[in-house]
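For the single chain, residues carry numbers from 1 onward in sequence order. In listed order, ligands and their atoms are each counted from 1.
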Amino acid sequence: MDLKSNHTAPVLADPAPISKSRLVASSLLPYSSPAPVFSPNLLLTVPRKKTGILDDVRASSWLDAMKSSSPRHTSTRDYNHEIVSADTDVAYRTWMVLFLFYFYPSLILIQVNELLYVLYSLILQVKYPSALSSFEQITNFAKGKRIALFLDYDGTLSPIVDNPDFAFMSIDMRAAVAKVAKYFPTAIISGRSRDKVYDFVGLTDLYYAGSHGMDIMGPIRESSNDPPNCIRSTDKQGKGVKLFQPASEFLPMIDEVFNSLVNSTKEIKGAKVENNKFCVSVHYRNVDEKNWKTVAQCVHDVIRNYPRLRLSHGRKVLEVRPVIDWDKGKALIFLLESLGLSNHDDVLPIYVGDDRTDEDAFKVLREGNLGYGILVSSAPKESNAFFSLRDPQEVMEFLKSLVNWKKTSVL
Ligand SMILES: O=P(O)(O)OC[C@H]1O[C@H](O[C@H]2O[C@H](CO)[C@@H](O)[C@H](O)[C@H]2O)[C@H](O)[C@@H](O)[C@@H]1O
């Protein structure tokens, strides 16, 4: 892949709504050459109206997005608690609902939400089959191929918790990631700063991309066709690495915005502003819902003065990031190239993630027929992924299964 060629028109907006027609998963993806997805000129020159901070966007429409990305508690199930417990068993729940309806028809009304949840879960399973139950299908397709693994952090390797500073991964998960990385090239691509996600994961045999892919530390490959602003550096162990920070010129601006946001949200109980180096996260998970509008207003008031910054929505978090043509999908392609794994028919990239920003990577894999996206979710979502896993526990099982398959398979 020619990293220097300019094949794509710079387009930047929050991910486009996903067309339902694209949600029909093909049984197996044929591998074809990836379409080049990034241009050397990452800075977008799109007018302010197209940058994500649309002139007509007011805090109220942000509020809608904040609510839609954070479903309310509506019935016996705590929708507000995004990680639905692992014991949710669709068949069992369906049976329970039918049983209750049969004997207690009056329960129909109060059980409607429950029934909807069951239906949605079934739809989720149909649209994005479990990567565990489809494991054989995945490994059949992977036979004779080199798997490259890309893992999101929050909500994928660690459970979602109230305090972002305490989003630790379990010892078992760390062991599973360490093991899988022995058999397959593995990278973490996170919205966190690279240093922070490295501290959480604490493993050296991986590659790390922080700030939603805007801070990549990857392997050096002599023959690679790197963008000009890609530099040589050393990692914490003193090993030579390649460092790519396409938004480096935004550092002072991000620091300034971080300080302004800390200041403007300091009176909002529960609000937390996190500096992720090339982006800033404003968390409202612990803010009373009646004050979400105030959070949105504060963020809006600060970033309206920065036309080169835009906003995206995550899991009860507003993410402020530079307007550049770079995202987790581009980071994935960059890492494949750095690993010498791009443009090869015998490579199968697998990306596991739970968040909207992971959709950029799922999309790159789906549209380029490159590999599999696996959505981590137990609640219904529109996605460009092919498969799903319900929670980090299932992610761990999947990683362990990959290791066992690799150990036992005769290739
Ligand atoms: O790309 P990721 O690794 O998934 O990072 C995305 C954001 O994750 C973190 O926030 C989320 O997880 C927190 C801890 O569980 C949770 O409290 C928060 O509500 C979630 O939005 C992280 O703190 C952000 O900086 C990342 O951008």
Got a donor-acceptor contact below 3.5 angstrom from the Asp288 side chain to the Asn291 backbone? no
Closest heavy-atom pair, Leu365 versus Gly373, reported as atoms and distance to 0.1 Å, is CD1-N, 4.0 Å
Polar-atom distance check: Asp154 versus ligand 1, any N or O pair below 3.5 Å? yes
side-chain contact (heavy atoms from CB on, under 4.5 Å) partner of Leu151, chosen from Ile189, Leu157, Leu206: Leu157
SB check Lys328 Asp152 (cutoff 4.0 Å): yes
Heavy atom of Pro159 under 4.0 Å from ligand 1? yes
Under 3.5 Å, N or O to N or O, is Asn163 touching ligand 1 that way? no
Hey, does Ile160 come in under 3.5 Å of ligand 1, counting only N/O atoms on both sides? no
Between Glu359 and Lys363, does at least one N-O distance fall below 4.0 Å, as a salt bridge requires? no
Candidates Lys196, Glu274, Lys328, His212; heavy atom nearest atom 23 (O) of ligand 1 found on Glu274
Which of the ligand 1 atoms, numbered from 1, are nearer than 4.0 Å to a heavy atom of Asp355: 6 (C)
Asp165/Lys272 salt bridge by N-O under 4.0 Å criterion: yes
Give the atom numbers and elements of ligand 1 that come within less than 4.0 Å of a heavy atom of Ser281. 24 (C), 25 (O), 27 (O)
Give yes if a backbone or side-chain nitrogen or oxygen of His283 is under 3.5 Å from a nitrogen or oxygen of ligand 1, and no if not. yes
Can a salt bridge be assigned to the pair Arg315 and Asp355 using a cut-off of 4.0 Å between side-chain N and carboxylate O? no
So is there a nitrogen or oxygen of Ala167 less than 3.5 Å from a nitrogen or oxygen in ligand 1? no
Closest to atom 7 (C) of ligand 1 (heavy atoms only, candidates Arg192, Arg321, Glu319) is Glu319
Please indicate whether any nitrogen or oxygen in Arg315 is less than 3.5 Å from any nitrogen or oxygen in ligand 1. yes
